[in-house]
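Only one structure is covered here, and it is reproduced in the block below.
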Protein chains: 2
Amino acid sequence: MALKSESGSNGESNGTVSIGLNAVIVAVTDEEPRLLTVRPSGRLRGQAGKGGRESGALPFGPLDPEKDRTLELGLTRWVREQTNLELGYVEQLYTFGDRDREPRSRSGGRRVLSVGYLALVREGQVAGREETSWRPWYEFFPWEDWRRGRPPLIDAAIEPALDRWVEGGKDPLRRQEHRERADITFGLRGAPWDGERVLERYELLYEAGLVFEARRDSELSSAGEPATGMGGRGEAGLVPGRSMVLDHRRIVATALGRLRGKIRYRPVVFELLPPTFTYLQLQRVVEALAGVRLHKQNFRRLVEKGGLVEGTGQLVSDTGGRPAELFRFRHEVLRERPTPGVGLPGVHS
Amino acid sequence: MALKSESGSNGESNGTVSIGLNAVIVAVTDEEPRLLTVRPSGRLRGQAGKGGRESGALPFGPLDPEKDRTLELGLTRWVREQTNLELGYVEQLYTFGDRDREPRSRSGGRRVLSVGYLALVREGQVAGREETSWRPWYEFFPWEDWRRGRPPLIDAAIEPALDRWVEGGKDPLRRQEHRERADITFGLRGAPWDGERVLERYELLYEAGLVFEARRDSELSSAGEPATGMGGRGEAGLVPGRSMVLDHRRIVATALGRLRGKIRYRPVVFELLPPTFTYLQLQRVVEALAGVRLHKQNFRRLVEKGGLVEGTGQLVSDTGGRPAELFRFRHEVLRERPTPGVGLPGVHS
DNA sequence: TATCCTTATGCTAAATTTGAGAATAAATAG
DNA sequence: CTATTTATTCTCAAATTTAGCATAAGGATA
């Protein structure tokens, strides 16, 4: 038998779907990474956050198959039209196509895929629309911010809840797997914390029914059994953290994980900084993204040795101490080093 | 004005497109990374390779919006149905949606997006269909295989061709940019070679009109001017390397780059190996993927220290020398180290 | 003004990791 | 038995990283 690809239409799909583009637009202001959110609307309004915690949504727009030559151009076009933001760095993240990503009416029976993008903009730029706001990233993922040490909510809320989830496993083998997975993703019982596993952590919490979206989705799905170990008990037993509409928090988790990985081998941080900056500014932005504090002198040495920046000779004296020199990104580094990123020196200052 | 997302349909697209899933299925046999290709068919047959060099296509299948709950399940379903292969490791690569990816008739006017996946299968497994074949990866990208040193075709064919491309730039600024880009992506004029920039290299060659696909696409597009610096001169001036249908070679380039990056921080190599293996087998697979030779003793030390494998006590004596011990992947490493990959020690044996 | 506080920047000693290869072990081919 | 081949263990020097110490240079304040 021949492969399907041998058949007439070249095998590239028969059923149709519509495509939405979602943008995770990130900026860092006041040492806080933020993302641009819009207020959820229509039948999504109030879907999340009924328990008092308000919810957000990512900006999105449809792909216009006629006008938009490429996905990325489509994205930058409607972002420009809607928010006046001119996206510099844009990177495709992932295409989300689970049928259940929108549990209720499936857009009139039509399947909706959404292509997620990560975009970085300079500090200070803001969209002027009323419905949009820059929200601190870590409001959605409080357990990801280790800049002031291990977040207390891990021991206080997450670990015990995950323990319950593990215990609730059907058979010993299942429980063993759950235990393993919980330990690895959240660095429990001596396992190390891996800053890049943002998505794994969110998905584990979802599976364990510990984030709002999980409960919302299971309540909405008329047929299916609810995910392991959760019932419709309001917000009781939920882990802290602002929820989002549909699967948007998952998309943001993907973005954060990707960005944390990327800063280490590509000079993307500079997309978030003004043209000139001090070493400390640079360090604060890296720390904000990585979610950890870094050793100042070693960070400096690493960046220096990497040839990532060059001094401008100018000094700024609003540092609260000795004036600091302003540096700028050294473009030439791109042709000198294979992986010009900011290696993260050991944590803590 | 409100964002579009405020409007009724939740903003997620209006126009419809169809979705194809493309799989880059990789195995390593005889120290050679190979990918599963199918013979191009229908109006694609003979589109590429008319100059004698035959062309290939990636296996693909449509997404069935009704049946397939998730994209990944859809992929594994039709791969299983068509090839009997049971995909273990599957990773989404990228969604390709350029309108011009298929220059001619656009599937009856309907836009086609394709979601590319990377799948790893164990050495030895092969699909039984006649129309499929495992082709060495580096036939498509001869310049990526540095295991026997810098590929001569870089100096012989690529560098001079890129020089011409650079010289053909319209203005000095353009030429400067082209020069920079050529140097960085191909490691010319003292710039280092970065094994992970596979896609950048392919795209540069495409832009410079040095791969078959570029010429094919520009000939097919009735309206547009041909890309800089190429004309319809048969295969003259093309860089060696087997071409593929549509944008499939671009997808494969994405896969190779991603895989090269990934082996360094996730233990994915083991997906390509039998359950037990010798150090040299492991090393050969890593070398095959990375496209470089590694220092044997240091590689061993690195893998050992990383706790990636554990000895089985069994020996195999078909090594041609002293018998080697068989090792297996140590699952526990996942909970011990944040980034359990095979760091690449310095090149050369 | 002298002192203290703060941040910036330079420097170093110890510990680790890496790069290159010598040395030894254990098989097979003649 | 000897040469050859691959496996495995060690060593040593060079490079990098970690964790601080020390000095510089502002502003604030007694």
Side-chain angles (χ1 to χ4, degrees), chain A residues 30-31 192 264-265 276-287 290 292-328 336-349, chain B residues 30-31 149 192 264-265 273 276-287 290 292-328 336-349:
Chain A
D30 300 327
E31 310 193 354
R264 298 199 320 198
Y265 59 96
T276 67
F277 45 83
T278 67
Y279 262 107
L280 192 57
Q281 279 180 299
L282 172 59
Q283 181 177 342
R284 290 301 183 220
V285 173
V286 172
E287 289 174 338
V292 291
R293 286 234 162 276
L294 305 174
H295 183 284
K296 191 170 177 175
Q297 296 95 320
N298 289 345
F299 177 80
R300 188 189 184 91
R301 181 167 45 78
L302 232 57
V303 172
E304 207 161 48
K305 188 176 57 66
L308 284 164
V309 301
E310 62 190 356
T312 66
Q314 295 172 70
L315 298 181
V316 287
S317 38
D318 58 349
T319 55
R322 170 174 169 179
E325 185 172 2
L326 285 173
F327 292 80
R328 73 168 71 89
E336 295 166 359
R337 303 174 63 83
T339 56
V342 285
L344 309 180
V347 292
H348 222 295
S349 165
Chain B
D30 301 328
E31 310 192 354
R264 296 197 321 195
Y265 61 96
L273 282 161
T276 66
F277 44 82
T278 67
Y279 262 108
L280 192 56
Q281 280 180 301
L282 171 59
Q283 181 178 344
R284 290 300 183 223
V285 172
V286 172
E287 289 174 339
V292 291
R293 286 232 162 279
L294 305 174
H295 183 282
K296 191 171 177 174
Q297 296 95 319
N298 290 345
F299 176 79
R300 189 189 184 89
R301 185 180 51 187
L302 234 56
V303 172
E304 207 161 48
K305 188 175 56 67
L308 284 164
V309 299
E310 62 191 356
T312 65
Q314 295 174 71
L315 297 181
V316 286
S317 39
D318 60 347
T319 55
R322 168 175 171 177
E325 185 173 2
L326 285 174
F327 292 79
R328 74 168 70 89
E336 295 166 1
R337 302 174 62 82
T339 56
V342 285
L344 309 181
V347 291
H348 222 297
S349 167

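Heavy-atom basis, side chains included; hydrogens, waters and symmetry copies ignored. Labels below follow one simple rule: chain letters A, B, ... track the order of the sequence lines, proteins then strands, and each chain is numbered from 1.
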Q | 5′-ward residue of the pair A:E304/B:L315 relative to DNA chain C | A | A:E304
Q. Mapping A:F327 and A:N298 onto DNA chain C by nearest heavy atom, which one lands closer to the 5' end?
A. A:F327
Q | D:dA7 OP1/OP2 closer than 4.0 Å to side-chain N/O of B:K296 | A | yes
**Q.** Phosphate OP1/OP2 of C:dT18 contacted by B:R301 side-chain N/O (<4.0 Å)
**A.** no
**Q.** Gap separating the CZ atom of A:F299 from the CG atom of A:L282, nearest 0.5 angstrom
**A.** 4.0 Å
Q. Which value, rounded to the nearest 0.5 Å, describes the distance between A:Q281 atom CD and A:L326 atom CG?
A. 7.5 Å
Please give, in whole Å, the distance from [N] [atom2] to [X] [atom1]?
X: B:H295; N: C:dG21; atom1: NE2; atom2: P; value: 7 Å
X: A:L294; N: D:dA19; atom1: CG; atom2: P; value: 12 Å
X: B:L344; N: C:dT17; atom1: CG; atom2: P; value: 17 Å
X: A:Y279; N: D:dA25; atom1: OH; atom2: C1'; value: 18 Å
X: B:D318; N: D:dT5; atom1: CG; atom2: P; value: 17 Å
X: B:Q281; N: D:dT8; atom1: CD; atom2: P; value: 11 Å
X: B:L302; N: C:dG19; atom1: CG; atom2: P; value: 8 Å
X: B:F277; N: D:dT6; atom1: CZ; atom2: C1'; value: 18 Å

Using the side-chain heavy atoms of [X], tell me which of these nucleotides is nearest: [options].
X: A:Q297; options: D:dA7, C:dT9, D:dT9; result: C:dT9
X: B:R322; options: D:dT8, D:dT17, C:dA20; result: D:dT8
X: A:T319; options: C:dT7, C:dG21, C:dT18; result: C:dT7

Q: Could you please spell out the steps behind the salt bridge (Lys or Arg N to Asp or Glu O under 4.0 Å) verdict for B:E287 and B:R284?
A: CA-CA 5 Å; B:E287 289 174 339; B:R284 290 300 183 223; 2.8 Å; yes
Q.
Here's a test of your reading of the structure: between B:G321 and B:E325, which maps to the more 5' nucleotide of DNA chain D?
A. B:G321
**Q.** Most 5' of B:R300 and A:G320 on DNA chain D, judged by nearest nucleotide
**A.** B:R300
Q: Take B:K296 and B:L280, measure what side-chain contact (heavy atoms from CB on, under 4.5 Å) needs, and give me the verdict at the end.
A: CA-CA 8 Å; B:K296 191 171 177 174; B:L280 192 56; 4.3 Å; yes
Q: Indicate yes or no: at least one non-hydrogen side-chain atom of A:K305 is less than 4.5 angstrom from one of A:R300.
A: no
Q: Remember a base hit wins even if backbone is also touched, and classify A:S317 as base, sugar-phosphate or nothing at under 4.0 Å, heavy atoms.
A: nothing
